[in-house]
Structure formats: structure tokens, C-alpha cells
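Have a look at the structure below before the remarks.
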Amino acid sequence: MSKVRVRFAPSPTGPLHIGGVRTALFNYLFAKKHGGDFLLRIEDTDQTRYVPGAEDYIVESLKWCGITIDEGFSVGGNLAPYKQSERKAIYKEFADKLVADGNAYYAFDAPEELDAIRKEHEEQKKTFTYDNSTRLSLNNSLKLSNDEVQAKLSAGVPYVIRFKMPVDRIVVMNDIIRGEVKVNTNTLDDKVLFKSDGLPTYHLANIVDDHLMLISHVIRGEEWLPSMPLHVLLYEALNWEAPQFAHLPLILKPTGKGKLSKRDGDQLGFPVFPLKWISQEGDEASGYRESGYLNDAFVNFMALLGWNPGNDKEIFSMDELIELFSLERVGKSGSRFDPDKVRWFNQQYIQSKNDSELVDYFKPQLQEKGIEVTDEKLQQIVGLIKERIVLIPDFWEQASFFFEAPTEYDEKVIKKRWKEGMGEILNQVIAELEKIDTFAEQIGHDAVVKLIQDNEYNMGQVMNCLRLCLVGAGKGPDLFKIAELIGKQETIDRIKKGIETIEA
């Protein structure tokens with residue numbers, strides 16, 4: 001095998017969908033597995049769909065996912081430029097060569113002419129296709145004389161260049177994932193290769209750039225499988241060796257029916273983009289990073305969408321993914337997207353990190369709220385709550401009471417636990433706590449338990465009401481660890497406020 005060189009070639013038409021992220025990831029894993037290069041190319045030949053900011057978003061998304069660009073847009077390289085709109089002068093030469101060799105032709109059909117023909121076919125309940133059955137009756141260089149063609153070109157009549165699809169030929173292709181694929185050219189139309197605006201279409205630019213950039217493997221989404229025969233024929237027409245192809249399966253909706261879309265995420269409440277996206281119009285779309293997912297958990301989940309490691313293991317580092325990855329273990333059928341599973345991955349990754357690492361995720365939330373706390377104390381708090389954390393924002397939800405006294409108290413807990421006389425019992429608890437000089441978890445626990453046992457109070461009732469005063473709800477880690485971390489005076493103040501508020 002010659003040096004492996006793969007490319008991820010998105011169009012800057014908006015935020016990068018997670019289907020694109022997976023394509024980039026599989027290209028990256030394959031390249032690194034074989035000691036090859038991962039290139040980023042921006043395919044912006046369709047200027048009508050260009051969205052400002054999309055290119056930077058793509059680069060930032062790959063960076064967050066840990067996908068390093070070896071060569072290409074944003075990093076440069078010997079084969080620059082890596083943005084198709086900046087390579088405009090390159091493509092015309094190859095389009096002209098295809099025409100000169102009889103593999104393509106000039107088509108002068110005006111849009112309104114083609115619209116009229118389509119309408120006529122629709123009235124006859126037929127579908128018009130620009131192909132080998134219709135091209136000789138249309139306004140193109142296959143029908144016109146050389147003089148007529150030259151006259152139109154000289155006069156600046158708008159034209160496109162179309163590929164001349166061979167008649168009744170079986171194109172035999174090999175896909176690494178899908179095996180042998182056969183297509184009869186009679187089922188294919190004469191695709192436009194070069195547009196009237198002076199830019200190539202995806203089909204020509206894609207082939208030319210992959211050849212000039214020495215791409216060895218084209219790994220892309222299943223939606224491009226119907227284009228594979230045309231691309232193979234273009235390589236043949238230009239006398240170039242074609243790369244190896246691999247078409248990845250679709251990522252399906254959580255129901256398993258149909259391709260995953262932004263609408264699915266909107267309806268079911270999960271992101272379909274790696275990073276938050278804000279359009280020029282101000283519309284926002286949530287991203288995995290901003291929603292509180294760790295990048296390594298997200299990447300781990302994405303890697304298993306369509307690829308099977310061959311065992312029951314689910315947690316993999318990037319290095320492990322690179323070592324194990326192979327296109328032969330990518331399935332043909334679509335993979336159902338499971339938003340609960342990606343949350344599970346995130347929880348596993350959070351729990352696997354040490355407390356000092358998690359402090360770095362929690363601290364920014366506290367800084368935004370103007371809360372100052374030592375790393376040592378924050379590390380203790382994180383250690384108490386991390387088993388309950390699924391997403392990064394959960395840190396505040398699960399630990400806010402360490403930093404802010406409750407202002408409201410759970411009505412369900414009050415109704416179930418707060419019986420007549422509870423205020424007096426908690427005042428006795430306060431009295432016991434005030435006697436303690438060294439206020440620590442075990443000392444506080446022993447003092448309160450002794451009070452309850454000596455007076456034959458209901459242990460569960462008192463402890464739950466004490467928790468209610470400190471936390472505001474029936475949640476949180478060990479009650480006396482909370483008391484130790486918030487301190488003696490704050491503990492007493494919260495109990496007093498709880499009694500006063502609840503018994504008001």
C-alpha cells in the first residue's frame with residue numbers, strides 16, 4: 001500500500017452535523033492506523049449555499065474532537081490551496097480535456113428551455129432526464145456543428161460542461177465496506193461537471209482535487225454511493241488511478257427509521273452538532289461541548305456508530321481506537337442514534353476522572369457566579385457528588401447547596417417528614433452542635449445521633465428534616481460531610497432559617 005492519505009471535505013453551508021463528525025473521525029482513525037495523513041479540504045463550489053463562519057466552526061469542531069489536521073485548510077501544506085473556490089483556475093483545464101477527448105460536451109440549454117421540457121414531460125406523466133436517450137435532441141455540442149459551437153463560445157453564450165455517460169456499459173466497482181457494486185450506465189444521467197459561473201461542480205472538483213492531493217482512500221457517507229460510478233468513470237476518462245472507496249452507513253433517528261436530522265434533536269432535546277452554532281440571523285442550535293459533554297466521551301460514542309471493535313468492550317481512548325480501527329468492521333446498515341447512550345458514555349468518563357481533573361470542569365461555573373473557593377475544598381465536594389454527575393452542568397445542580405443556603409424547601413419532604421414539634425427537636429440539635437469545638441463530620445454525626453437515641457426520637461424523621469434545612473431538598477451526599485464543608489456557623493444558621501421559614 002502506498003502512503004495512506006485521506007481527506008475530510010465538508011461544504012461550508014452551516015454547522016457541522018455529527019454525521020460529518022463521524023466521517024471525519026473514521027478518516028482520521030484509518031489514516032493514523034496506517035501511519036498516513038489526514039487532510040481537510042473545504043468544498044465551496046456552490047457559492048449560493050456558503051454560510052459565513054462555517055469554515056471556522058468546522059476547524060474548531062475537529063480540534064475539540066481531538067482530530068488533528070496534518071495538512072489542508074487552516075494549517076497549509078505543499079499542495080495548497082485547500083479551498084476549492086481558491087483553486088478555480090485548476091479545474092477548467094481538466095474539463096476542457098474531457099471535452100477534447102470526447103468524454104464530455106458543451107451544453108447551451110438555457111434554464112427556461114430545460115424547465116419547459118421538464119414541464120412537457122410532467123404533463124405526459126414522465127420524468128425528464130438529461131442522458132443518452134435525450135442528449136442528441138438538446139442544445140449541445142453533440143448535436144451542433146463545430147462551427148455552431150465555436151460561434152456560441154465566441155459570442156459568450158452561457159454553457160455548462162456535461163459528462164458524456166457511456167451507453168449500456170456495466171461499471172464494476174469495489175467498495176471496502178460494501179464489496180462489489182455493479183451499475184449499468186443506462187441508468188445514469190449526464191451530470192454537469194462545470195457550471196456557467198466558471199466553477200466546477202462537486203463531481204469534477206472532487207476528482208481533480210483527490211488526484212492532485214494524492215488521496216489514496218475516499219471514505220465518505222453513504223449518500224455519495226450513487227455518485228461512485230460517475231467518479232470511477234471520470235478517473236478512467238482522465239487516465240488516472242482511482243483511490244479506494246468506502247461508503248459509511250447512515251446515522252439513523254433514535255427510532256431507527258430515517259436519517260438523523262436537526263429536527264430530531266430539536267424534538268427530543270439532544271444536540272446534533274458538536275459545538276453550539278449561532279446563525280447570522282441569531283438562531284441558535286445546541287452543541288455537545290456547551291451542553292456539558294466531554295470530548296473524549298463524545299468521540300468514543302461516535303466511533304461505535306457503525307463500527308464494531310470485535311469484542312464487548314465499549315470504553316476506548318483515541319489511541320486504542322486508532323489501534324483497533326478497520327474499515328472491514330464498519331457495517332453496511334445504518335446505525336441508530338441513541339441519545340441515552342451518549343449520556344451514559346459521558347457519565348462513565350466523568351466517573352473515571354480523578355477529582356482534581358473534575359475541579360477544572362466545575363470551577364468555571366463557580367467563577368461565573370462570583371463564587372470563590374479553594375481547589376482543596378472543591379476537590380472534596382467533587383468527590384462527594386461525581387457519582388451523580390452525567391453532564392458538566394450537573395455539578396452545580398448537585399452541589400449548589402455547598403455555596404448557597406436554600407431559599408425554598410421541598411414541600412413533599414415537609415409534608416412527609418416535618419411533624420409537630422420538629423422545630424423544637426432541631427433547636428436541641430443546634431444546642432448540641434454549638435457545644436462542639438472541632439466541627440468535623442464524625443463528631444457532628446455522633447453528637448446528633450446520641451441526642452436522637454437518648455430522647456427516642458425518630459432517626460429518619462430528624463435526619464431528613466435536618467437535611468431539608470441544609471440542602472432545601474431530600475438530596476445530596478452524607479449529611480454531616482455537608483455540614484463539615486459548609487462550617488459550623490453556616491450549619492446552625494441554615495437550621496434556624498429552616499425552622500423559621502417552614503414553621504412560619
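We use all heavy atoms of the structure for the numbers below, so side chains are in, but hydrogens, waters and symmetry mates are not.
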Dump the intermediate steps for ring pair (Phe, Tyr, Trp, His ring centres under 6.0 Å) on Tyr293 and Tyr288, then the final yes or no. CA-CA 5 Å; Tyr293 289 84; Tyr288 278 88; 4.8 Å; yes
Can you establish whether the number of heavy atoms outside [X] located under 6.0 Å from its atom [atom1] is more than 12?
X	atom1	result
Lys276	NZ	no
Gln47	CD	yes
Lys341	NZ	yes
Lys416	NZ	no
Lys313	NZ	yes
Glu404	CD	yes

Quick one: do [X] and [Y] make a salt bridge, cutoff under 4.0 Å?
X	Y	result
Glu55	Lys83	yes
Arg289	Glu60	yes
Asp189	Lys191	yes
Lys332	Glu222	no
Asp296	Lys353	yes
Arg5	Asp70	no

Could you please spell out the steps behind the salt bridge (Lys or Arg N to Asp or Glu O under 4.0 Å) verdict for Asp266 and Lys262? CA-CA 6 Å; Asp266 292 340; Lys262 179 181 180 297; 2.8 Å; yes
Under a 4.5 Å cut-off applied to non-hydrogen side-chain atoms, are [X] and [Y] in contact?
X	Y	value
Phe402	Leu378	no
Leu233	Met173	no
Glu368	Trp396	no
Leu230	Leu188	no
Tyr50	Thr13	no
Leu384	Leu485	yes
Lys257	Leu252	no
Ile495	Asp493	no

Pairwise distance [atom1]([X]) to [atom2]([Y]) - rounded to 0.5 angstrom:
X	Y	atom1	atom2	result
Glu397	Gln365	CD	CD	10.5 Å
Asp319	Leu29	CG	CG	10.5 Å
Ser400	Ile385	OG	CD1	9.0 Å

Flag, side chain of [X] to backbone of [Y], donor-acceptor distance under 3.5 Å:
X	Y	value
Asn308	Val330	no
Gln244	Asn174	no
Arg7	Leu39	no
Lys32	Gly36	yes
Lys475	Gln398	no
Asn295	Trp64	yes
Ser85	Asp44	no
Asn464	Gly460	yes

Walk me through whether Arg494 and Glu490 qualify under salt bridge (Lys or Arg N to Asp or Glu O under 4.0 Å). CA-CA 6 Å; Arg494 289 191 188 188; Glu490 178 68 13; 2.8 Å; yes
Go through the steps for Leu275 and Glu290 under the test side-chain contact (heavy atoms from CB on, under 4.5 Å), then give the verdict. CA-CA 7 Å; Leu275 314 181; Glu290 291 75 15; 4.1 Å; yes
Does the ring centre of [Y] sit less than 6.0 Å away from the ring centre of [X]?
X	Y	answer
Tyr57	Trp277	yes
Phe30	His217	yes
Tyr202	Trp224	yes
Phe337	Phe301	yes
Phe94	Trp240	yes

Residue pair Asp210, Arg41: steps toward the salt bridge (Lys or Arg N to Asp or Glu O under 4.0 Å) verdict: CA-CA 10 Å; Asp210 282 348; Arg41 185 171 74 228; 2.9 Å; yes
Taking it one step at a time, do Arg388 and Asp394 satisfy salt bridge (Lys or Arg N to Asp or Glu O under 4.0 Å)? CA-CA 8 Å; Arg388 300 174 175 86; Asp394 295 345; over 6 Å; no
Ring pair (Phe, Tyr, Trp, His ring centres under 6.0 Å) involving Phe395 - partner list, sequence neighbours excluded: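 Per chain and number, Phe395 pairs via ring pair (Phe, Tyr, Trp, His ring centres under 6.0 Å) with Phe362.
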Verdict with supporting geometry, Phe325 and Phe26, ring pair (Phe, Tyr, Trp, His ring centres under 6.0 Å): CA-CA 8 Å; Phe325 187 78; Phe26 281 18; 5.1 Å; yes
Which heavy atom in [X] sits nearest to a heavy atom in [Y], and how many Å separate them?
X	Y	answer
Gly221	Thr23	N-OG1, 4.4 Å
Thr201	Val192	OG1-O, 2.7 Å
Ala483	Phe439	O-CE2, 3.3 Å
Leu304	Glu314	CD1-O, 3.6 Å
Leu225	Pro229	O-CD, 3.7 Å

Please report the C-alpha distance between His445 and Glu484 in whole Å, then the side-chain angles of each, then the deciding distance to 0.1 Å, and finally whether the side-chain contact (heavy atoms from CB on, under 4.5 Å) criterion is met. CA-CA 10 Å; His445 170 273; Glu484 178 187 323; over 6 Å; no
Please report the C-alpha distance between His203 and Phe163 in whole Å, then the side-chain angles of each, then the deciding distance to 0.1 Å, and finally whether the side-chain contact (heavy atoms from CB on, under 4.5 Å) criterion is met. CA-CA 10 Å; His203 301 293; Phe163 184 69; over 6 Å; no
Please check if any side-chain donor atom of His247 sits under 3.5 Å from a side-chain acceptor atom of Arg178, or the reverse.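 No donor-acceptor contact under 3.5 Å links the two side chains.
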Between Trp344 and Val390, does a side-chain contact (heavy atoms from CB on, under 4.5 Å) hold up when you go through it step by step? CA-CA 7 Å; Trp344 178 85; Val390 177; over 6 Å; no
Can you pull out every ring pair (Phe, Tyr, Trp, His ring centres under 6.0 Å) where at least one residue sits in residues 367-388? Sequence neighbours excluded, please. none
